[in-house]
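Reminder, nothing fancy here: chain letters follow the sequence lines and each chain counts from 1. Since this is a predicted model, take the numbers as computed values, not measurements. Only this structure's heavy atoms are used, side chains among them; waters, hydrogens and symmetry mates stay out.
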Amino acid sequence: MPATELAAPPAPPVVAGVPGPAAPPPRRRHRRARLVLRYVLLSVGAVAILFPLYMAVVNSLLAPSQIAHQPPPFFPFHPQWGSYRKAWTDGDLGIYLRNSAIQTSVIVAGQLVTSILAAYAFAFLEFPLKRTLFIVFLMTLMIPFEVTIATNLATVSSLGWFNTFPGLTVPFLATGFGTFLLRQAFLQIPRDLREAAQLDGYGHLRFLWSVAIPLVRPALAALGVFSFLGAWNQYLWPLLVTGNDNSVRTVQIGLKQLINTQLDQINVSLAGTVIAVVPLLVILVVFQKQLVRSLTSGAVK
Amino acid sequence: MTSATVTIPRERAPARHHLLSRRHREWGLAYLLLLPALVVFGVFTFYPFLKNFKLALYQNPPYPGLPMHYVGFHQVTSVLSSTSFHQSLVSTLLYVLMVVPVGLLGGLLLALAAHKAIRGMPVFRTIFSSTVVSSVAVAAVVFGTLMDPVVGLLPWLGIDPHPAILQNPTWALPAVSLIAIWQFLGLSFIIMTAGLQSLPDEILEAARLDGAGGWAMFWRVTVPLVSPTLFFGLVVGTIYAFQSFGQIDILIGPQNSQFTHTNVLLYYVYQALSIQNDPGVAAVLSIVLFAILLVFTLAQLRFLERRVTYAGN
Amino acid sequence: MRHLRSRAVAVVAPLGALALLLAACSSSGSPSTTSGAAAATDATTCSPASLSGSAPVTINFWESMPRANGQTLQTLTDAFNGSQSKVHVNLVVQTNYNDTWQKYQAGLTNGQLPDVVQLQDTDTQGAIDTQSMQPAQNCIAGFHYSVGDLLPRALAYWNVGNVQEAMPFAVSGPVLYYNKLAFQKAGLDPNTPPATLTQLVADAQKLKAAGQGIMGLKLDPWYLETELATANELFVNNANGRTSRASKAVFDTATGTQVFSDLNQMVSTGAAGTNSVAGADSYDNLLGVGSGKYAMTIDTSAALGTVEQLLSQYPNVQLGVAPLPTVQTTPSGGVQPGGSALWVVKKSTPAKQSAAWQYITFLDSTSSQATWSAGTGYIPLRTSAAESATIQNLWATSPQFKVAYTQLTTGVETPASAGAVLGPFDDVRTAIVNAENSMFARGVAPATALTRAQAASDALITAYNRRIGG
């Protein structure tokens with residue numbers, strides 16, 4: 001929680017020092033009214049945001065004939081939990097979740113490792129072409145992935161990686177953004193610490209492993225959550241690279257198949273959607289701070 | 001505190017003359033550490049990006065496995081002058097114009113409402129950020145059901161366009177934009193909250209107590225103060241909007257996207273590549289997409305650079 | 001900052017040049033397809049001789065049947081696998097026809113191809129143009145297979161340039177599903193459903209006036225093609241693309257204009273509601289019959305089983321099935337077949353190709369077709385299958401299952417009734433649906449919409465042919 005927030009408007013004595021209209025007598029009621037208004041606004045916002053997901057849950061618990069009912073039901077009075085089981089088994093959602101878990105873990109691990117290594121080099125080592133290579137990393141931020149799909153698809157196919165986990169993951173194993181984030185974090189490590197480690201005979205790798213990495217854990221967590229989200233929610237690349245079978249199909253593509261094959265079973269496809277999003281909501285609640293940190297790098301001066 | 005008086009036990013001969021001097025080993029280590037990332041970038045970022053320029057010059061048969069033919073700039077000019085390309089640009093522009101400002105404004109308003117340490121605020125904050133974790137597939141399926149003309153909410157609200165909203169040339173794009181706005185709200189909220197938290201609260205409070213209320217306060221005080229953050233949000237949001245793809249693919253599909261005017265540039269690239277088997281056309285469009293995004297990615301780079309202290313610190 | 005920029009340029013230039021050079025030097029394209037695996041002449045590749053080795057052959061079949069039909073297919077396949085030990089077939093379920101075709105094309109680059117594949121009707125010319133298919137004709141010759149018993153029009157659809165390219169398998173036709181009770185309540189005779197388009201329009205308006213529901217018009221793209229076929233008119237030139245490659249569309253005729261006008265009249269007067277053919281609302285026309293929104297709709301006969309099951313839940317619905325209402329009172333052509341066929345992939349080894357042919361002939365055999373048709377509602381493709389006890393019993397108890405078969409065997413066998421073959425079929429169909437929507441949503445006149453559709457189609461066909469020939 002940021003420290004800059006004020007709990008409540010200051011008491012009248014402060015106001016008295018500011019030129020302007022005199023404090024109106026029913027100040028506390030005015031303040032109360034504003035507080036109530038704020039809660040109302042917040043609630044409206046929360047309802048608006050949660051509403052689509054809420055309706056998804058509701059519809060997933062209705063029988064198909066009830067869903068088409070007009071006016072639409074807003075609460076499942078006789079919840080049909082069978083749709084969840086059906087989405088899991090017939091809809092293969094369990095397999096898709098497994099595939100997504102593998103794909104995401106590999107990408108996150110890869111991005112963390114390559115970013116740590118590269119960031120360390122930029123932060124602590126001196127070498128020829130350092131500035132040039134730094135710019136190369138910067139340039140990767142200028143080339144959005146979408147611009148590379150035409151050739152990447154051909155490359156991956158010719159490597160025999162179509163419909164395999166390498167095909168899904170290898171193009172994403174490095175990230176310029178992650179490198180910069182971690183470099184930033186490494187640069188915060190006091191020089192004294194580095195020099196003391198050198199005195200103790202720490203080589204670079206040992207320093208990296210025993211000192212630097214533990215010190216930048218918050219940045220690692222931030223990058224990890226950010227990478228996780230990006231990898232889990234990928235749509236375009238898995239669509240291009242996964243094939244006919246379930247062997248590597250991820251949850252996002254699985255949802256698309258679910259909605260295509262179960263057109264008359266909307267409750268099942270919505271159950272699948274709910275299943276797909278719950279892990280992410282858990283992540284959000286647990287890792288909110290790290291997520292915010294990684295998303296706002298650059299937002300605050 | 002100098003390093004001149006401290007010698008590392010391993011070091012023996014003067015660095016300059018020793019083949020495996022510490023400096024050289026450091027160089028080797030550095031290149032080794034950078035190698036994995038560079039290999040990935042080389043193969044999957046730079047090479048494909050540059051190959052686009054070559055692919056753009058070759059015409060492709062309708063099916064893979066058959067040879068392609070060199071046609072020079074003919075393909076480039078025919079793509080760039082085609083009506084489907086122009087339509088795609090217009091759709092993309094409209095889409096971005098609908099998603100980004102509304103999303104930013106919504107995020108700002110939510111952030112303002114949540115910018116107070118009152119009871120329950122963390123819950124509201126989590127709710128407001130929640131859409132940032134939803135994937136396009138989830139958002140598409142969820143909203144697609146709500147917008148379905150038979151089982152959705154629209155008939156109950158009295159909205160019953162012909163053709164149905166997601167096949168409607170006028171309303172499909174706004175519908176898809178709405179989904180993107182909802183998704184973008186989470187990110188927008190997080191960014192705006194971070195921006196507000198860096199503001200000096202005393203100024204906000206003073207202005208409010210000064211009698212400046214409501215909209216006047218909003219436009220003349222708050223917005224200018226958060227404008228750098230708004231700008232960052234604009235850059236991030238625009239890049240995000242240009243990368244929209246999933247909702248259109250799931251809800252509208254490649255067959256209908258042109259007719260419903262939802263054929264945004266990235267979807268056009270996907271169609272050319274995956275449906276038409278035309279990497280040449282896809283390459284031309286990719287280059288255009290890159291050129292447009294370049295402005296925004298450079299801007300984003302600047303934000304990142306400000307936080308990146310330069311080498312040699 | 002400026003330093004960084006000039007550095008950037010200094011880096012980009014040489015790197016860029018290097019990579020451009022690399023890109024230019026890399027191979028200029030995929031190698032052209034030649035007959036890969038050792039194959040003598042094509043006539044002997046697909047023959048009993050290729051199967052004469054001792055080892056059993058396993059083949060992969062990409063099929064696109066939705067769940068219920070897929071189970072019938074699985075049953076048939078299990079029977080085939082169990083009846084002999086030479087050939088073992090693996091069923092690989094695809095989501096739908098479009099996905100199968102996409103995956104097949106992707107397979108041409110990444111090498112993941114099946115040995116036999118079920119492709120939809122509109123992908124016929126495309127499949128030929130990939131140069132990756134073994135024409136069924138060669139297998140027919142190699143195995144001395146007799147096609148006399150098969151329905152001529154079903155065969156004719158997949159016969160291009162006098163070569164039987166593929167074997168029909170899951171064939172259906174458009175039929176009119178209607179609610180007899182709604183008809184009754186609107187004062188219409190439930191046993192004489194509309195037989196012409198004009199009557200359809202009139203009935204729709206009567207039903208609307210009586211508040212008994214309207215026409216559910218799913219925006220299927222083939223209304224125009226099929227109506228032209230029933231009137232013995234061509235869709236594209238060169239005998240519907242069958243004597244030589246189609247080079248232009250020819251559907252802008254008086255008949256075509258009438259079709260568009262009739263559809264437009266229904267929609268514009270509110271006597272018909274529309275839904276799309278793909279996506280979340282593609283079942284809405286059928287669901288609507290249940291909910292009372294629609295009193296009738298046109299859809300594929302292949303859905304009959306599902307439709308009966310769905311509508312049996314609604315007490316207000318008594319299902320009737322009738323042939324497609326035609327433009328002419330006495331059709332001079334015939335309804336074209338629709339559905340899918342089985343293709344042998346040339347890239348497989350001769351043994352696998354021959355094995356694939358064995359499987360195909362099994363699926364097209366009399367008993368298989370009887371089982372298949374009875375279990376799915378698809379049209380039995382052999383006269384002997386139609387005469388079998390299974391089918392005769394089915395038709396006796398549920399005559400609605402006979403409608404599509406009668407439709408396919410009535411009328412004349414001409415290039416028009418065989419249906420059209422062209423490369424960019426999907427895009428042309430999209431252009432036609434767009435034209436229809438421009439009528440419905442933006443009030444464009446039917447004749448104008450049709451002319452525009454033809455112009456768009458011509459452009460698509462020209463562009464496609466250029467990509468093929470150039």
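When heavy atoms are compared at a cutoff of 4.5 Å, C/Gln102 approaches chain B solely by way of its side chain, counted from C-beta outward. Of the two parts of B/Gln276, the backbone and the side chain both hold a non-hydrogen atom closer than 4.5 Å to a non-hydrogen atom of chain C. With a 4.5 angstrom heavy-atom cutoff, C/Arg429 does not touch chain B via any of its atoms. Residue B/Leu55 does not touch chain C at all, counting heavy-atom pairs closer than 4.5 Å. Neither the backbone nor the side chain of C/Asn275 comes within contact range of chain B; no heavy atoms are under 4.5 Å apart.
When C/Leu108, C/Val267, C/Asn98 are compared by the number of non-hydrogen pairs under 4.5 Å with chain B, C/Leu108 comes out ahead.
Counting heavy atoms of neighbouring residues, nucleotides and ligands inside a 6.0 Å radius, atom CZ of B/Phe231 does not exceed 12 of them. Residue B/His86 places its NE2 atom among more than 12 non-hydrogen atoms of other residues, nucleotides or ligands, all under 6.0 Å distant. Shown here is B/Trp27, whose CH2 atom has more than 12 heavy atoms of other residues, nucleotides or ligands within 6.0 Å.
Of all heavy-atom pairs spanning C/Gly126 and B/Tyr63, the tightest one is CA-OH, 2.9 Å. The shortest non-hydrogen separation linking B/Leu66 to C/Asp129 is CD1-O, 3.5 Å.
Taking CG of C/Asn437 as the reference point, atom CD of B/Gln167 lies at 8.5 Å (rounded to 0.5 Å). Within the model, atoms CZ of C/Arg467 and CG of B/Asn60 stand 6.5 Å from one another, a figure rounded to the nearest 0.5 Å. Note that CG of C/Asn434 is 8.0 Å distant from CD of B/Gln258, once rounded to the nearest 0.5 Å.
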